[in-house]
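The structure appears below as structure tokens.
Naming: A, B, ... by sequence-line order, numbering from 1 per chain. Excluded from the calculations below are hydrogen atoms, water molecules and symmetry mates; all remaining heavy atoms, backbone and side chain alike, are included.
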Protein chains: 2
Amino acid sequence: MSILKDKILETATDLFHTRGINSTGVDTIVAVAGTTKMTLYKYFGSKEDLILEVLQKSQQDFQFWLNEKLNANSKKPNDKIQQLFDHVEEWVNSPAFIGVGFIKASAEFPNEENPIHQLSSQQSREFRQFISKLASEASIKDADGLALQLSLLFEGAVQAEQMKRGSGAIKYAKKAAKILIDGAIKA
Amino acid sequence: MSILKDKILETATDLFHTRGINSTGVDTIVAVAGTTKMTLYKYFGSKEDLILEVLQKSQQDFQFWLNEKLNANSKKPNDKIQQLFDHVEEWVNSPAFIGVGFIKASAEFPNEENPIHQLSSQQSREFRQFISKLASEASIKDADGLALQLSLLFEGAVQAEQMKRGSGAIKYAKKAAKILIDGAIKA
DNA sequence: AAATTAATATACAGAACGGTATATATTATA
DNA sequence: TATAATATATACCGTTCTGTATATTAATTT
């Protein structure tokens, strides 16, 4: 609703990715966003709450974008899962790409009791389930197994791209995905 | 050489993995290691130097262990690359496994100018080159391409295991790796 | 035994951290 | 225009951070 809250979320998202979450102080966030700490703490109860909201919004935006893309091209289940990595490639190669929140957050908050880690883990699981649904709609037998493998390629490729921008890892992830999907369809 | 330096390295390695790098202060490290800051700063010029040494030693230890395993089982190139993920699985499933340093470090230090990020990136590249050498020794045509794909599976599976211990991701990464290797050998 | 090295305890400097108190200014609503 | 909500500026609190200064104790070497 509030334009300032959105600005803070947007700024925090960017800074968390470019400087790291723990390395980004709230003072820096409000300075870059052009507001004050009082305003930040009016919208977010704590820095942890802000991190959680940033993660939620990031994943929400990506999932929405991906769904649009998948439904725009073809409604056929086989096409959709085959084109999954085409869309992922477009997304990763776009200049706006800065990384995947739940991958970075789980590394910075390794304790499984930590709420941030738990949300990251949940988002990773939900994305895997999303792929699994695509796979089972395409009548693939071991849909969960294939989904897990594709998610490994996804997370590995994103990791590689976060490590070195322009690594070209997605291109090879896509090729590998095609081989695995073709194999799973035949079986 | 010094037993205290080793103890500090060992303690830091453990704490960095279980609590995160930025979230672990030097005070905590020396307290757990049973020494003092003065001693730590006698062996390591700064916290950054300590992090760099921890990363180097971790990767060194893993590479040494992996080499031993690969050479112990079979000297045939085809067997070696096929058994790569068997050894990785054993390593990941061992109780001592706490994660891969360069994956976590690159997430906590995303800036490509940062020395810690640069070392992480270098280690990731070196591991990929190691797999590529295995592949080319097995007379695989696109050795670099396969190596990149296998490294994505590796990093993805490790990421998954860091996120949720006992995820079983490695089992499926191994299956995927076999499919990709078999396909690359035939080509 | 004397001298050098290694390790300790402790205390502190200076900065950055998350979060709050207070008081003022701006905006929108009634 | 009066009232209420929203946003601001600024200063501060207590804690934690990396790194150092100082002085003392233990171990090793000559």
Side-chain angles (χ1 to χ4, degrees), chain A residues 1-56 101 104-105 107-111 113-119, chain B residues 1-55 101 104-105 107-111 113-117 119:
Chain A
M1 279 300 157
S2 161
I3 197 170
L4 266 172
K5 181 175 180 181
D6 281 352
K7 181 72 183 166
I8 292 172
L9 270 175
E10 185 190 314
T11 304
T13 303
D14 189 63
L15 289 173
F16 287 164
H17 275 105
T18 54
R19 305 189 189 182
I21 301 174
N22 279 314
S23 301
T24 303
V26 283
D27 295 273
T28 306
I29 295 171
V30 297
V32 175
T35 180
T36 65
K37 279 205 280 191
M38 284 315 299
T39 305
L40 188 149
Y41 281 104
K42 199 153 274 174
Y43 290 116
F44 308 95
S46 63
K47 188 189 177 183
E48 181 172 292
D49 285 351
L50 171 60
I51 298 169
L52 291 170
E53 281 209 42
V54 163
L55 286 177
Q56 301 226 28
K104 295 190 173 183
E108 290 215 45
F109 304 91
N111 187 341
E113 309 294 314
N114 184 293
I116 298 169
H117 185 98
Q118 288 177 353
L119 177 59
Chain B
M1 279 298 159
S2 161
I3 197 170
L4 266 172
K5 182 176 180 181
D6 281 352
K7 182 71 184 168
I8 292 172
L9 270 175
E10 186 189 313
T11 304
T13 303
D14 190 62
L15 289 173
F16 287 163
H17 276 105
T18 54
R19 305 187 189 184
I21 302 173
N22 278 314
S23 301
T24 302
V26 283
D27 295 272
T28 306
I29 295 171
V30 296
V32 175
T35 180
T36 64
K37 279 204 280 190
M38 285 315 299
T39 307
L40 186 148
Y41 281 103
K42 198 154 275 174
Y43 291 117
F44 308 95
S46 63
K47 189 189 176 183
E48 182 171 293
D49 286 351
L50 171 60
I51 297 170
L52 290 170
E53 280 210 41
V54 163
L55 286 177
K104 294 190 173 183
E108 290 215 45
F109 304 90
N111 187 341
E113 309 295 313
N114 185 293
I116 298 169
H117 185 96
L119 177 59

Rounded to whole Å, OH of B:Y41 lies from C1' of D:dT20 at a distance of 10 Å
In whole angstroms, the gap separating P of D:dA27 from CD1 of B:I3 amounts to 14 Å
Protein heavy-atom contacts under 4.0 Å, written 5' to 3' over nucleotides 11-16 of chain C as B (base), S (sugar-phosphate only) or - (none), form the string ------
From the candidates C:dG18, D:dT18, C:dT8, the one with an atom nearest any side-chain atom of A:D27 is C:dG18
Rounded to the nearest 0.5 angstrom, the OG1-CD1 distance for B:T13 and B:I8 is 11.5 Å
B:R19 atom CZ is separated from D:dT16 atom C1', nearest whole Å, by 14 Å
Rounded to whole Å, the NZ-P distance (B:K5 to C:dA7) equals 12 Å
Closest non-hydrogen atoms of B:A107 and A:E108, given as atom of the first, atom of the second and distance, are O-OE2, 4.0 Å
task = Ignoring backbone atoms, establish whether A:S46 has a side-chain N or O less than 4.0 Å from OP1 or OP2 of C:dG18.
result = no
Discussion item. When you measure from the side-chain N and O atoms of A:Y43 to the phosphate of D:dT6, is any distance below 4.0 Å, counting only OP1 and OP2?
Written reply: no
Phosphate OP1/OP2 of C:dA7 contacted by B:T35 side-chain N/O (<4.0 Å): no
d(A:K7 NZ, A:L40 CG) to nearest 0.5 Å is 13.5 Å
Taken to the nearest whole Å, NZ/A:K42 to C1'/C:dG19 is 14 Å
### Task
Respond yes when some side-chain nitrogen or oxygen of A:T39 is under 4.0 Å from OP1 or OP2 of D:dT8, and no when none is.
yes
Ranking C:dA21, D:dT20, C:dA7 by distance to the side chain of A:M38, first place goes to C:dA21
- Task: Looking at every strand, decide which applies to B:T24 at a 4.0 Å heavy-atom threshold: base, sugar-phosphate, or nothing.
- Result: sugar-phosphate
When every non-hydrogen atom of B:S46 is compared with those of B:Y41, the smallest separation belongs to CA-CE2, 3.9 Å
A:N22 atom CG is separated from D:dT16 atom C1', nearest whole Å, by 13 Å
Here the side-chain hydrogen bond (donor to acceptor under 3.5 Å, both in side chains) pairs for residues 26-35 of chain A, sequence neighbours left out, are A:D27-A:K37, A:T35-A:T39
Picking from C:dT8, D:dT8, D:dT18, the nucleotide nearest the side-chain atoms of B:V26 would be D:dT18
Shortest non-hydrogen pair, A:R19 vs B:P110, comes out as C-CG, 3.7 Å
_Categorize B:F44 for me: base, sugar-phosphate, or nothing, with a 4.0 angstrom heavy-atom threshold over every strand shown._
nothing
B:I29 atom CD1 is separated from D:dC17 atom P, nearest whole Å, by 10 Å
d(B:F16 CZ, B:I29 CD1) to nearest 0.5 Å is 4.0 Å
Separation of D:dT6 atom C1' from A:L40 atom CG, nearest Å, is 15 Å
